[in-house]
Amino acid sequence: MRELIKDKKRIVVKIGSSSLQHAQTGDLDYIKLEKLVRELCDLRNQGKDVILVTSGAISAGKKAVNIKEIKHDSPVEAMAVKQACSAIGQARLMMVYQKLFAEYNQVAAQILMTKNTIVDDLNRFNAKNTFCQLLNMGVIPVVNENDTVATYEIEIGDNDTLSAIVAALVGADMLILLSDIDGLYTDDPRKNKDAVFIEQVDELTDELMNMGKGSTGSNVGTGGMNTKLIAAKIATKSNVDMVIANSKDIGVLHRIMNGKNVGTLFVAHPDESFNLPVFVDSLHKK
Ligand code: GLU
């Protein structure tokens, strides 16, 4: 299975907020960002289509205006602060990406999405066309949720899910989630030393889906193991293989693409009855 990854043509890579910043200060880790961009540009140079789904807008915005924690008596006010921070941070983040991609002679573009981008037929059609056109032009789309306008009703909520949605929308054949964990374990390895690492998941059983429920992951981004398993469900049902791997060494990206046995591989299981807009519409409604 791993050898087959070498031939993948359209790759979506997701990186989480905690992987992009220094744990001690919350400031952007430029060395990691630079390595990430170099890896992506190298994939592009191999003739592959590359899409980056990046978090980090809200935390970069908070840093810029010196807000440590978004805490307000009124949730409406807290939401407004979060939205304002994302507006500030997204522009900052994009500026850094643009600069780094330009250094390697690649063109990057920004796409911001909400739930409506997928649920609404016209929006989805337009988004897909834009992605495909950018990829035809050899451009690398850089995607995030449009946190500036996304409220509870229209938010996807986390970028693990968003990246799988993007992979399904554009007909990608590979999704790589770079996170602060090595992959999937039978239990939380931070709490249970007997937890066993799972190298490959051939089928997403209910038992497996339930395993992620209690996990919250790091306290920086939004995703934990639960959102990664939801991403795996969307991806595998849409005929996309997915790997979860640790971002502590960004070089893991080319090792995965060279067929090396790193991270957890979720093998695609196309399901004709899977309906992306219906599934996305159901998110958060349960
Ligand atoms: N969209 C959020 C941001 O850019 C992050 C969501 C996530 O961590 O999954 O800050």
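Every number for a ligand or one of its atoms is a count from 1 in the order of the listing.
Considering backbone and side-chain atoms alike, Asn144 places an N or O below 3.5 Å from some N or O of ligand 1. For the pair Gly157 and ligand 1, the shortest N or O to N or O distance does not fall below 3.5 Å. Looking at Asn159 next to ligand 1, an N or O pair under 3.5 Å apart turns up.
The contact set between ligand 1 and Asp158, taken as ligand atoms under 4.0 Å from a residue heavy atom, comprises 9 (O).
Residue pairs meeting the salt bridge (Lys or Arg N to Asp or Glu O under 4.0 Å) criterion with at least one member in residues 89-99, sequence neighbours excluded, are Lys99-Glu103. The salt bridge (Lys or Arg N to Asp or Glu O under 4.0 Å) pairs that include a residue from residues 124-143 are Asp121-Arg124, where partners are two or more places apart or lie in different chains.
Ionic pairing of Asp188 and Lys191 is present here: one or more N-O contacts between side-chain nitrogen and carboxylate oxygen are shorter than 4.0 angstrom.
Contacts of Ile58 with ligand 1, taken as heavy-atom pairs under 4.0 Å, involve both backbone and side chain. Residue contacts with ligand 1, taken as heavy atom pairs separated by less than 4.0 Å, involve Asp147 solely via side-chain atoms from C-beta onward.
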Can you list the steps and then say if Asp27 with Tyr30 is a side-chain hydrogen bond (donor to acceptor under 3.5 Å, both in side chains)?
CA-CA 9 Å; Asp27 279 315; Tyr30 289 129; over 6 Å; no
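Using a 4.0 Å heavy-atom cutoff, Gly16 is absent from the residues neighbouring ligand 1.
Remark: Lys48 NZ is packed, more than 12 non-hydrogen atoms of other residues, nucleotides or ligands lying under 6.0 Å away.
For the pair Val170 and Ile51, the minimum side-chain heavy-atom distance is below 4.5 Å.
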